[in-house]
Enquirer: 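Structure incoming, see below.
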Amino acid sequence: MTVGFLTDVTLCIGCKACQVACKQWNALPGAPEAAWLSGQSYDNTMRLSGDNWRHVAFVESFDPASRQGKWQFLSDVCKHCEVAGCLEACPTHAIVRTEFGTVLVRDDVCNGCGYCVAACPFGVVGRSERDGGAHKCTFCVDRLGHGMEPACAKACPTDAIVVGELETLRGRAEKRVTALRARGEAGARVYGDHRLGGARLGGLHALFVLTDAPEIFGLPANPERPAAHLLKDMLLSGACAAGLVAALAAWFVAWPTG
């Protein structure tokens with residue numbers, strides 16, 4: 001079964017239970033004390049990293065309709081892209097696709113080169129100071145293998161994080177957006193499908209129900225893996241080289257022999 005996450009910002013209360021559960025289950029270090037003085041309100045981890053695999057972002061934005069600011073919370077996580085830049089970039093095959101369709105970094109094979117860090121269009125993968133290796137959300141593949149849901153979803157008190165079969169989650173997300181729009185949330189949308197967020201990555205295995213533009217939540221609207229740019233550059237370089245060869249050939253043909 002191909003599984004996915006569905007995270008609904010309208011249900012998240014910012015309690016960070018998912019963050020704590022992730023750290024506890026995966027034996028990850030807590031946030032350093034200095035992070036509490038970051039000026040980022042209660043967002044003590046601030047971003048996803050090699051030691052923070054779930055991150056609850058505290059997002060403050062301005063609502064033009066009410067002319068007031070509003071708080072929203074987004075529990076962010078690795079997107080487990082269908083076309084994964086990190087997997088493509090890994091030279092040791094430490095990153096693999098699991099039987100659940102998720103993307104896993106195998107710690108015992110990773111050599112810490114960091115190529116996957118640069119290849120992730122979401123800035124998810126990070127190298128940990130603990131061991132120098134690259135780490136990210138594993139989708140709790142060890143729990144899935146025993147019929148258990150990931151720790152983050154298990155701990156969420158409001159069902160803001162749901163795990164299930166990917167196509168089923170897509171349908172659930174669309175219904176939720178329809179309901180939100182019916183009650184006046186004109187900006188409601190699904191992020192991570194083949195239209196928004198996942199269009200150039202074959203779709204994401206982490207879907208999000210948003211109420212505003214993805215950029216407000218720190219999510220790129222049209223992310224793409226660096227390899228896509230590399231292919232374009234190679235084709236452009238090839239075309240330029242062919243043009244140069246043709247120009248030189250024409251020059252030699254036209255060179256006077258007399």
Side-chain angles (χ1 to χ4, degrees), residues 2-23 25-26 42-43 45-49 52-61 70-82 100-103 120-125 136-141 143-144 148-181 185 187-198 201 203-221 223:
T2 301
V3 301
F5 282 123
L6 173 58
T7 303
D8 189 337
V9 300
T10 68
L11 299 177
C12 182
I13 58 176
C15 69
K16 290 183 175 284
C18 56
Q19 243 180 241
V20 174
C22 177
K23 284 184 174 292
W25 181 259
N26 295 291
Y42 296 103
D43 189 356
T45 47
M46 295 181 286
R47 61 184 178 84
L48 293 169
S49 70
N52 299 309
W53 300 355
R54 263 277 178 190
H55 167 234
V56 178
F58 283 54
V59 181
E60 186 175 16
S61 58
K70 62 178 179 178
W71 280 103
Q72 297 182 90
F73 310 104
L74 174 71
S75 181
D76 200 6
V77 71
C78 171
K79 313 308 179 289
H80 297 272
C81 310
E82 187 63 31
F100 303 105
T102 60
V103 179
C120 175
F122 298 98
V124 166
V125 191
K136 69 172 192 67
C137 164
T138 66
F139 214 109
C140 282
V141 66
R143 293 174 63 91
L144 289 178
M148 303 164 65
E149 64 181 328
C152 57
K154 181 71 174 178
C156 181
T158 62
D159 288 332
I161 304 171
V162 178
V163 174
E165 197 276 326
L166 187 57
E167 285 302 320
T168 301
L169 291 181
R170 285 176 179 152
R172 178 169 176 165
E174 290 290 349
K175 289 182 180 178
R176 178 62 175 166
V177 166
T178 299
L180 288 171
R181 289 178 177 173
E185 290 282 1
R189 67 202 73 191
V190 179
Y191 181 89
D193 61 13
H194 293 281
R195 293 166 299 174
L196 181 65
L201 301 172
L204 310 180
H205 288 237
L207 306 175
F208 298 85
V209 172
L210 305 179
T211 54
D212 284 298
E215 292 87 351
I216 290 177
F217 299 93
L219 297 170

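The model shown is predicted, which means the values in this text are computed figures rather than measured ones.
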Enquirer: How many angstroms lie between atom CD of E60 and atom CD1 of I216, to the nearest 0.5 angstrom?
Expert: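 Separation between the atoms: 12.0 Å.
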Enquirer: Return the minimal non-hydrogen interatomic distance between L6 and F208, and the atom names on each side.
Expert: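 Nearest pair, atom of L6 first, then F208: CD1-N, 4.4 Å.
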Enquirer: Could you tell me whether R170 atom CZ has more than 12 heavy atoms of other residues or ligands within 6.0 Å of it?
Expert: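 Counting neighbours around CZ of R170, more than 12 heavy atoms of other residues, nucleotides or ligands fall under 6.0 Å, so yes.
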Enquirer: What are the two closest heavy atoms between K23 and N52, and how far apart are they?
Expert: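 Between these two residues, the closest heavy atoms are NZ-OD1, 2.7 Å.
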Enquirer: For the residue pair K70 and V59, establish whether any side-chain heavy-atom pair is separated by less than 4.5 Å.
Expert: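 A side-chain contact is absent here, since even the closest heavy-atom pair is not under 4.5 Å.
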Enquirer: What's the separation between atom CZ in R189 and atom CZ in R181, rounded to the nearest 0.5 Å?
Expert: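 Here the rounded value is 7.5 Å.
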Enquirer: Once rounded to the nearest 0.5 Å, what's the spacing between atom CG of L210 and atom CG of L180?
Expert: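 L210 CG to L180 CG: 10.5 Å, rounded to 0.5 Å.
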Enquirer: Provide the closest heavy-atom pair for C140 versus P150 in the form atom of the first, atom of the second, distance.
Expert: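 Minimum heavy-atom separation between C140 and P150: CB-CA, 3.6 Å.
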Enquirer: Which atoms form the tightest heavy-atom contact between D193 and E174, and what is the distance?
Expert: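 Looking at all heavy atoms of both residues, the shortest contact is OD2-OE2, 3.9 Å.
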Enquirer: Give a yes or no on whether the backbone of L11 and the side-chain of T158 come within a donor-acceptor separation of less than 3.5 Å.
Expert: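 Between the backbone of L11 and the side chain of T158 there is a qualifying donor-acceptor contact (under 3.5 Å).
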Enquirer: Kindly list each side-chain donor-acceptor pair under 3.5 angstrom involving residues 74-82, sequence neighbours excluded, with atom names and distances?
Expert:
from : atom 1 : to   : atom 2 : distance (Å)
S75  : OG     : R54  : NH1    : 2.9
D76  : OD1    : K79  : NZ     : 3.0
K79  : NZ     : V77  : O      : 2.8
H80  : ND1    : V103 : N      : 3.0
H80  : ND1    : V103 : O      : 3.4
E82  : OE1    : H205 : NE2    : 2.6

Enquirer: Judged by atom type as modelled, is there a donor-acceptor pair below 3.5 Å linking the side chain of Y191 to the main-chain atoms of A221?
Expert: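 Answer holds: no.
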Enquirer: Tell me, do R143 and W25 make a side-chain contact under 4.5 Å, heavy atoms counted?
Expert: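 Touching, per the 4.5 Å side-chain cut-off.
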Enquirer: Taking atom OG1 of T7 and atom CZ of F73, what is their separation to the nearest 0.5 Å?
Expert: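 That separation rounds to 15.0 Å.
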Enquirer: Check for a donor-acceptor pair, side chain of E185 on one end and backbone N or O of A188 on the other, with a separation under 3.5 Å.
Expert: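 Answer holds: no.
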Enquirer: Measuring from atom CG of L207 to atom CZ of R176, what distance do you get when rounded to the nearest 0.5 angstrom?
Expert: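 Reported to 0.5 Å precision, the distance equals 14.5 Å.
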Enquirer: To check you understand the geometry: which heavy-atom pair defines the closest contact between L169 and G4, and what is its length?
Expert: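 For L169 versus G4, the nearest heavy atoms are CD1-O, 3.1 Å.
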Enquirer: For the residue pair L196 and V190, establish whether any side-chain heavy-atom pair is separated by less than 4.5 Å.
Expert: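 They are not in side-chain contact.
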Enquirer: Heavy-atom distance under 4.5 Å between the side chains of K136 and L48, does that happen here?
Expert: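 A side-chain contact under 4.5 Å is absent here.
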Enquirer: Tell me, do L201 and P223 make a side-chain contact under 4.5 Å, heavy atoms counted?
Expert: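 The answer is yes; the side chains approach within 4.5 Å.
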Enquirer: Just verifying a value: how many Å separate F58 CZ and C12 SG, rounded to the nearest 0.5 Å?
Expert: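 So the gap between those two atoms works out to 8.0 Å.
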Enquirer: Can you give me the closest heavy-atom contact between G197 and L204, atom names plus distance?
Expert: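 Taking G197 first and L204 second, the nearest heavy atoms are O-CD1, 4.1 Å.
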